[in-house]
A.B. asks: 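Supplied in structure tokens, the structure appears directly below.
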Amino acid sequence: MAPQEEITVLIPEEQIQKRVKELAEEIRRNYLGKCPVLVGVLQGAFVFMADLIRQLRMPLAVDFLRISSYGKNLVTSGEVKILLDLTIPIANRSVILVEDIVDTGLTVDYLKANLLARQPESLAVCALLQKPENTIKLTPIDYLGFTIPNHFVVGYGLDYAGRFRDLPYLGILPKSMKEP
Ligand code: IMP
């Protein structure tokens, strides 16, 4: 596998931090007087979630869902398996689902249906990234960080085969590093 230096920066750290702050301000304005539950989707969303909650500066609760990942595949199978479920009830709560990236939209669509079945007071989706070129299931993203072209991206929590989550920026995985 090629070294980290071959990853091209797509969105630098400062730009991510600025956008996360803007998203947090928008969410804070829309949830005045509420105590939303932020549901992070593991593993990819944990870095984004950590930065987002520290910018929110409002009463909130945090919980996580862990779902099966792509493994070494670069495309989704469309099948989502919940490996670890929420630990707090969300009925009658304002819920914000926090995702790293929306690609085909199948994962977020599945998770929305799953959470709605638990009868929250409201459900919004906050995603750091969206690749609109691959959309199969069009799901509105209420709070979106960036729209990006159709590259496989890593860093800021996103991985390829378990690597690169620790990069503070978002980068493009070079073709040479992908499985044939
Ligand atoms: P979707 O179901 O096709 O929308 O896929 C969403 C999930 O696929 C995300 O939560 C990520 O885990 C993963 N994913 C999609 N594109 C990328 C990428 O470019 N880099 C890393 N993970 C990705």
Side-chain angles (χ1 to χ4, degrees), residues 1-13 15-16 19-20 23 38-53 62-86 95-117 123-180:
M1 202 180 257
Q4 188 170 307
E5 297 79 67
E6 286 185 24
I7 291 172
T8 318
V9 177
L10 179 68
I11 308 176
E13 186 177 358
Q15 210 178 323
I16 299 172
R19 188 72 190 115
V20 170
L23 289 174
L38 277 86
V39 173
V41 183
L42 294 173
Q43 305 202 59
F46 80 100
V47 175
F48 175 40
M49 178 85 150
D51 282 346
L52 185 69
I53 61 162
V62 167
D63 208 347
F64 291 95
L65 274 173
R66 182 165 178 180
I67 58 170
S68 49
S69 79
Y70 287 10
K72 281 199 167 188
N73 298 324
L74 294 170
V75 287
T76 185
S77 59
E79 275 174 41
V80 180
K81 233 191 250 158
I82 295 190
L83 303 177
L84 190 80
D85 206 352
L86 297 180
V95 176
I96 304 173
L97 180 66
V98 180
E99 258 282 26
D100 53 355
I101 182 164
V102 179
D103 188 14
T104 62
L106 292 169
T107 304
V108 92
D109 184 68
Y110 172 87
L111 292 177
K112 268 183 86 170
N114 183 293
L115 294 178
L116 280 172
L123 176 62
V125 179
C126 175
L128 179 67
L129 305 167
Q130 185 175 28
K131 292 195 264 192
E133 281 171 54
N134 292 342
T135 302
I136 292 175
K137 200 86 193 177
L138 193 64
T139 303
I141 311 296
D142 305 275
Y143 305 96
L144 177 64
F146 303 94
T147 295
I148 59 165
N150 189 18
H151 297 295
F152 196 85
V153 291
V154 292
Y156 199 68
L158 284 86
D159 78 311
Y160 171 63
R163 286 190 67 196
F164 309 118
R165 291 192 199 277
D166 53 311
L167 301 179
Y169 55 86
L170 282 151
I172 299 171
L173 190 76
K175 287 207 168 62
S176 61
M177 293 174 79
K178 294 179 192 166
E179 299 283 89

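FYI, side chains are in, hydrogens and waters are out, and symmetry mates aren't considered; it's all heavy atoms of this structure. For ligands, and for the atoms within them, numbers begin at 1 and follow the listed sequence. Predicted, not measured: the structure shown is a model, and the values here were computed from it.
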A.B. asks: CD1 of I96 to CG of D142: how many Å apart, nearest 0.5 Å?
C.D. replies: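 It comes to 9.0 Å.
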A.B. asks: Between V153 and ligand 1, is there a nitrogen or oxygen pair with a distance under 3.5 Å?
C.D. replies: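 V153 vs ligand 1: N/O contact under 3.5 Å present.
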A.B. asks: Do D100 and V41 have side chains that approach each other closer than 4.5 Å (heavy atoms only, starting at C-beta)?
C.D. replies: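 The answer is no; the side chains never approach within 4.5 Å.
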A.B. asks: How far apart are the closest heavy atoms of F48 and C126, and which atoms are they?
C.D. replies: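 Shortest heavy-atom contact: CZ-SG, 3.7 Å.
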A.B. asks: Rounded at 0.5 Å granularity, tell me how far CG in L170 sits from CD in Q15.
C.D. replies: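 Rounded to the nearest 0.5 Å, the CG-CD separation comes out at 9.5 Å.
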A.B. asks: At a non-hydrogen distance cut-off of under 4.0 Å, which region of L158 contacts ligand 1 (side chain, backbone, both, or neither)?
C.D. replies: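 For L158, the contact with ligand 1 is made by the side chain alone.
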A.B. asks: Which pair of heavy atoms, one from A127 and one from V102, lies closest together, and at what distance?
C.D. replies: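 Smallest interatomic distance, heavy atoms only, reads CB-CG2, 3.8 Å.
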A.B. asks: P149 and E133: which non-hydrogen atoms are nearest, and at how many Å?
C.D. replies: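 Heavy atoms of P149 and E133 come nearest at CA-OE2, 3.8 Å.
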A.B. asks: Would you mind telling me if ligand 1 is within reach of the side chain of D100, the backbone, both or neither, using heavy atoms under 4.0 Å?
C.D. replies: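 Near ligand 1, D100 shows its side chain, while the N, CA, C and O stay back.
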A.B. asks: Examine G105 against ligand 1 and note whether any of their N/O atoms are separated by less than 3.5 Å.
C.D. replies: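 It does: an N or O of G105 is found under 3.5 Å from an N or O of ligand 1.
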A.B. asks: Contact between G44 and ligand 1, counting heavy atoms under 4.0 Å?
C.D. replies: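 False for this residue.
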A.B. asks: In terms of atom number and element, which parts of ligand 1 are under 4.0 angstrom from non-hydrogen atoms of T104?
C.D. replies: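 By the 4.0 Å cutoff, the relevant atoms are 1 (P), 2 (O), 3 (O), 4 (O).
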A.B. asks: Which pair of non-hydrogen atoms, one from G171 and one from I7, has the smallest distance, and what is that distance?
C.D. replies: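 Here G171 and I7 meet closest at CA-CG2, 3.6 Å.
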A.B. asks: If you count the atoms of ligand 1 from 1 in the order shown, which ones are under 4.0 Å from a heavy atom of D159?
C.D. replies: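 Per the distance check, 21 (C).
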A.B. asks: Can you see which heavy atom on L115 is nearest to which on V95, and at what distance?
C.D. replies: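 That would be CD1-CG1, 4.4 Å.
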A.B. asks: Show which atoms of ligand 1 fall inside a sub-4.0 Å distance from at least one heavy-atom site of K131.
C.D. replies: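 Within the 4.0 Å cut-off of K131, ligand 1 contributes 16 (N), 17 (C), 18 (C), 19 (O).
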A.B. asks: With respect to E99, determine whether any N or O atom, backbone or side chain, lies less than 3.5 Å from an N or O atom of ligand 1.
C.D. replies: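 It does: an N or O of E99 is found under 3.5 Å from an N or O of ligand 1.
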A.B. asks: Heavy-atom distance to atom 6 (C) of ligand 1: which of L111, L173, I101 wins?
C.D. replies: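 Nearest heavy atom to atom 6 (C) of ligand 1 lies in I101.
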A.B. asks: With a cut-off of 4.0 Å, which atoms of ligand 1 are near a heavy atom of H151?
C.D. replies: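 By the 4.0 Å cutoff, the relevant atoms are 19 (O).
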A.B. asks: Could you check whether any heavy atom of L129 sits closer than 4.0 Å to an atom of ligand 1, since that is the contact criterion I want to use?
C.D. replies: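 Not so, L129 does not reach ligand 1.
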A.B. asks: Looking at ligand 1, is there an atom of it that comes within less than 4.0 Å of some heavy atom belonging to Q43?
C.D. replies: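 Outside the 4.0 Å threshold, so no.
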A.B. asks: Can you confirm whether K112 sits close enough to V125 that some side-chain heavy atom of one is under 4.5 Å from a side-chain heavy atom of the other?
C.D. replies: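 Yes, their side chains come closer than 4.5 Å.
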A.B. asks: So which heavy atom on M49 is nearest to which on D63, and how close?
C.D. replies: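 It is CE-O, 3.8 Å.
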A.B. asks: Below 4.0 Å from any atom of ligand 1, is there a heavy atom belonging to K137?
C.D. replies: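 Outside the 4.0 Å threshold, so no.
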A.B. asks: Need the ligand 1 atom indices (1-based, order shown) with element for anything under 4.0 Å from a heavy-atom of T107.
C.D. replies: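 Heavy-atom distances to T107 below 4.0 Å select 1 (P), 2 (O), 5 (O), 6 (C).
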